[in-house]
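First comes the structure, then the notes that go with it.
Within every chain, numbering begins at 1; the chains are lettered A, B, ... in the order of the sequence lines, protein sequences first and strands thereafter.
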2 protein chains.
Amino acid sequence: MSESTTRLKRATIFDVAAEAGVSRGTVSRVLNGEPYVSAAAREAIEAAIAKVGYVRNTAARNLAKQSSGAIALIVHEPDSVFIDDPNIGAILLGANAALSAADYQLVSLIIDTERDSHRVTGYLGGGFVDGAIIVSAREDDPISQAIADLRLPAVMVGRPDNQPQLPWVGIDNRGAARQITERLRGTGRNRVGMIAAGLDRDSGRDRLAGFREAMGEAFDDTLVARQRFYTYAAGVAGMAELLRIDPDIDGVFAASDAIAAGALETLRNAGRAVPRDVGIVGFDDSSWALRAQPALSTVRQPAGQLGARAAELVLEQVRTGSLASNGALLSTEVVWRDSA
Amino acid sequence: MSESTTRLKRATIFDVAAEAGVSRGTVSRVLNGEPYVSAAAREAIEAAIAKVGYVRNTAARNLAKQSSGAIALIVHEPDSVFIDDPNIGAILLGANAALSAADYQLVSLIIDTERDSHRVTGYLGGGFVDGAIIVSAREDDPISQAIADLRLPAVMVGRPDNQPQLPWVGIDNRGAARQITERLRGTGRNRVGMIAAGLDRDSGRDRLAGFREAMGEAFDDTLVARQRFYTYAAGVAGMAELLRIDPDIDGVFAASDAIAAGALETLRNAGRAVPRDVGIVGFDDSSWALRAQPALSTVRQPAGQLGARAAELVLEQVRTGSLASNGALLSTEVVWRDSA
DNA sequence: TTGTAGGCGTTATCAC
DNA sequence: GTGATAACGCCTACAA
């Protein structure tokens with residue numbers, strides 16, 4: 001009676017062994033699907049497991065096996081802007097699918113404050129996970145250093161500047177930026193600028209570099225509006241700045257679709273028609289691209305594959321202790337729609 | 001030399017104790033900030049910790065303490081649509097902040113397939129976490145049942161239908177829907193319909209119920225377009241359906257801002273002006289609301305607080321073993337802009 | 001095929 | 001204040 005109200009002690013292998021009339025060793029063997037167990041024993045044990053309601057204590061298992069079967073995915077967005085990042089969800093889903101196929105558990109950790117950063121470091125060192133995927137780390141990220149110290153198998157999504165020894169997967173931001181800028185220029189624009197963002201990460205800097213390359217001689221640094229975040233608001237502000245600097249601007253490469261959408265609003269309010277007066281292209285091919293008016297020409301980023309590939313590389317390290325290659329570049333695709 | 005290439009064994013309390021010339025017990029005491037440790041011992045131990053590069057093995061600690069200091073947040077979106085859900089990110093951040101303040105680690109688990117569901121169940125039972133927050137569970141969710149079986153402290157975000165014993169936090173979807181519908185009708189609309197979605201969850205059903213209540217005698221079930229997801233595409237399709245059924249429709253309550261945005265597109269293509277010809281209101285006050293043309297009148301959902309409150313309730317259970325109240329309703333607010 | 005027992009790294013309860 | 005030492009629950013040689 002009182003059993004049902006007080007918190008019952010959870011059954012252990014001991015209880016199962018006693019119930020089935022065998023030793024703990026044998027129970028452990030059937031639990032792990034090992035051979036050399038008689039059918040009779042197996043049956044008795046399975047019945048006992050069901051009867052006593054046994055579930056394995058993974059903390060104990062981890063301790064004994066020195067591994068956890070889990071991989072962390074760390075999202076580091078100290079400014080809480082990741083809510084609007086269209087890629088992170090897809091990266092997560094891709095990583096989850098790849099790990100799931102290998103029967104690993106993905107656990108996502110978010111770092112929002114300095115305090116989070118410390119706590120997560122402790123968590124990573126605590127045997128909770130066998131490896132880690134780091135998303136959207138910034139230049140000065142303490143986590144990547146901590147991971148290196150812990151010798152925890154890890155891979156970054158995006159190319160790390162300060163941790164050259166960390167394996168990574170990413171896209172060729174520079175090449176993609178160059179391609180779409182060239183295409184934009186090809187529509188006969190003469191004065192083309194850029195709304196850049198995220199210049200504290202490699203992705204942001206590389207997109208700017210690609211733009212500069214594509215512009216060649218025509219590059220004009222005053223026509224680069226530098227914003228902090230990849231947001232709609234940044235697009236609104238950045239476009240206003242560009243119009244102020246050069247009212248005759250007729251082409252804009254926005255560092256993200258959200259920025260492009262914001263720029264569209266500014267242009268609309270300024271009475272400029274897109275693509276007639278001004279051609280604009282974005283980056284990501286997120287949901288912003290299709291919903292914008294007009295629909296955005298942009299670069300498709302294989303976010304899901306990014307996550308999946310990162311997961312595979314972590315698993316390779318976990319299993320073999322090392323990695324065949326040290327980085328992977330996934331290919332992008334220019335998607336041409338109506339905005340330029 | 002070879003030390004640096006082969007994987008070094010991680011230092012344990014043993015090593016620290018030896019290095020500092022004290023016993024493990026004393027080391028453990030300083031590690032846990034307990035009193036009754038001499039300054040000399042503390043200093044020696046701290047130096048030793050730094051010297052041997054000790055980091056605590058949490059698996060062992062969990063085993064001994066029978067707890068983990070981590071709380072799971074389970075996102076269950078089998079259709080991968082959560083990428084576009086504007087609330088989940090905020091819920092996550094809110095929960096993370098609340099747990100962080102109590103020095104708990106939030107770990108997010110996503111369930112995307114049947115296989116994920118099984119694996120996560122095992123994870124939850126394995127001593128990795130002390131409690132769980134369940135987001136966006138659906139009616140037939142096996143996870144909530146598993147959690148009940150495990151006697152794991154848990155709380156749902158959103159009111160559970162099938163697990164009445166599970167504590168939860170949510171908003172008054174029905175009341176909020178009623179309020180905004182009444183306000184919409186107050187703008188002098190005669191033929192008002194609804195684009196409903198997510199009718200397999202309480203939130204979706206409650207919004208429809210609130211709409212019905214507000215309409216009273218004027219409720220017309222043929223003017224309810226039922227969609228599966230809370231997406232832009234659903235809005236496009238739902239609005240088309242409503243226009244087909246009643247070309248004279250002059251008011252629409254969309255079950256989410258994304259749906260409302262989609263509806264706006266259909267209306268624009270159909271040559272209907274908003275709010276002149278048709279008034280439209282949404283739900284969530286997500287980024288869709290402000291970026292829509294015209295900006296949406298909508299219901300603000302306190303997503304961050306939802307996550308924070310859920311976290312607090314889980315911690316209360318973890319610490320006291322029980323809960324003072326069994327549910328919490330957070331208040332919403334009608335935000336009136338230009339779309340109606 | 002099965003049982004035995006030592007070890008995984010910490011914590012906690014004792015004596016001292 | 002500090003040092004032994006028995007848990008914690010599981011895995012895994014090794015022996016039988």
Side-chain angles (χ1 to χ4, degrees), chain A residues 7-46 48-49 52-70 122-130 150, chain B residues 7-46 48-49 52-70 122-123 125-128 130 150:
Chain A
R7 175 82 152 260
L8 291 75
K9 199 165 159 352
R10 263 173 46 176
T12 73
I13 276 197
F14 253 107
D15 306 317
V16 175
E19 179 70 32
V22 298
S23 79
R24 298 178 282 158
T26 306
V27 173
S28 179
R29 277 186 275 273
V30 347
L31 244 29
N32 293 298
E34 281 170 25
Y36 302 120
V37 181
S38 67
R42 167 164 283 119
E43 257 173 59
I45 289 170
E46 276 164 359
I49 286 176
V52 304
Y54 170 79
V55 306
R56 171 201 262 144
N57 180 323
T58 318
R61 178 176 220 248
N62 290 353
L63 183 57
K65 295 200 64 162
Q66 300 286 71
S67 83
S68 69
Y123 187 87
L124 293 176
F128 280 98
V129 296
D130 299 339
L150 289 169
Chain B
R7 176 83 151 260
L8 291 74
K9 202 166 159 349
R10 264 172 46 178
T12 72
I13 277 197
F14 255 107
D15 306 317
V16 176
E19 179 70 31
V22 298
S23 77
R24 295 179 281 160
T26 307
V27 175
S28 180
R29 276 186 277 273
V30 346
L31 245 28
N32 294 297
E34 282 169 25
Y36 302 120
V37 181
S38 68
R42 166 164 283 119
E43 257 173 57
I45 289 170
E46 275 163 0
I49 286 177
V52 305
Y54 170 79
V55 306
R56 166 200 264 150
N57 179 324
T58 318
R61 176 175 221 242
N62 290 353
L63 182 58
K65 296 200 67 160
Q66 301 286 71
S67 82
S68 69
Y123 187 87
F128 280 98
D130 297 340
L150 289 168

Distance check needed: [N] [atom2] versus [X] [atom1], whole Å only.
{"X": "R61(B)", "N": "dC8(C)", "atom1": "CZ", "atom2": "C1'", "result": "17 Å"}
{"X": "L63(B)", "N": "dG7(C)", "atom1": "CG", "atom2": "P", "result": "17 Å"}
{"X": "F14(A)", "N": "dC8(D)", "atom1": "CZ", "atom2": "P", "result": "9 Å"}
{"X": "R24(B)", "N": "dC14(C)", "atom1": "CZ", "atom2": "C1'", "result": "14 Å"}
{"X": "Y36(B)", "N": "dA15(C)", "atom1": "OH", "atom2": "P", "result": "18 Å"}
{"X": "K65(A)", "N": "dC11(D)", "atom1": "NZ", "atom2": "P", "result": "7 Å"}

**OP:** Indicate yes or no for a side-chain donor-acceptor contact from N62(B) to the backbone of A59(B) under 3.5 Å, with no hydrogens or angles considered.
**Re:** no
Which is true for [X] with a 4.0 Å heavy-atom rule: it touches a base, it touches only sugar-phosphate, or it touches nothing?
{"X": "N62(B)", "answer": "nothing"}
{"X": "R56(A)", "answer": "sugar-phosphate"}
{"X": "A41(A)", "answer": "sugar-phosphate"}

**OP:** Please figure out whether S28(A) or A39(B) has its closest DNA chain D nucleotide nearer the 5' end.
**Re:** A39(B)
Original post:
Mapping I13(A) and V37(B) onto DNA chain D by nearest heavy atom, which one lands closer to the 5' end?
Top reply: V37(B)
Original post:
When you look at V16(B) and E19(B), which way does the side chain to side chain contact (heavy atoms under 4.5 Å, CB included) test go after all the steps?
Top reply: CA-CA 5 Å; V16(B) 176; E19(B) 179 70 31; 5.7 Å; no
Please determine whether a side-chain nitrogen or oxygen atom of [X] lies at a distance below 4.0 Å from atom OP1 or OP2 of [N].
{"X": "T12(B)", "N": "dC8(C)", "result": "no"}
{"X": "Q66(B)", "N": "dG9(D)", "result": "yes"}
{"X": "N32(A)", "N": "dC11(D)", "result": "yes"}
{"X": "S23(B)", "N": "dG3(D)", "result": "yes"}
{"X": "T26(B)", "N": "dT2(D)", "result": "no"}
{"X": "Y54(B)", "N": "dT10(C)", "result": "yes"}

Subject >> Minimum side-chain heavy-atom gap Y54(A)-L31(A) below 4.5 Å >> reply: yes
Original post:
Side chains of Y123(A) and V129(A): closer than 4.5 Å at any heavy-atom pair?
Top reply: yes
Among [options], the nucleotide that comes nearest once only the side chain of [X] is considered:
{"X": "N57(B)", "options": "dT10(C), dC11(D), dT2(D)", "result": "dT10(C)"}
{"X": "E34(A)", "options": "dT11(C), dT12(D), dG3(D)", "result": "dT12(D)"}
{"X": "S38(A)", "options": "dG3(C), dT1(C), dC11(D)", "result": "dT1(C)"}
{"X": "A60(B)", "options": "dG1(D), dG9(C), dT2(C)", "result": "dG9(C)"}

Subject >> Spatial distance of atom CZ (R42(B)) from atom OG1 (T26(B)) [nearest 0.5 Å] >> reply: 10.5 Å
Subject >> From CG (D130(B)) to NZ (K65(B)), nearest 0.5 Å >> reply: 10.0 Å
Subject >> Side chain R42(B) and base dG1(D) donor-acceptor under 3.5 Å >> reply: no
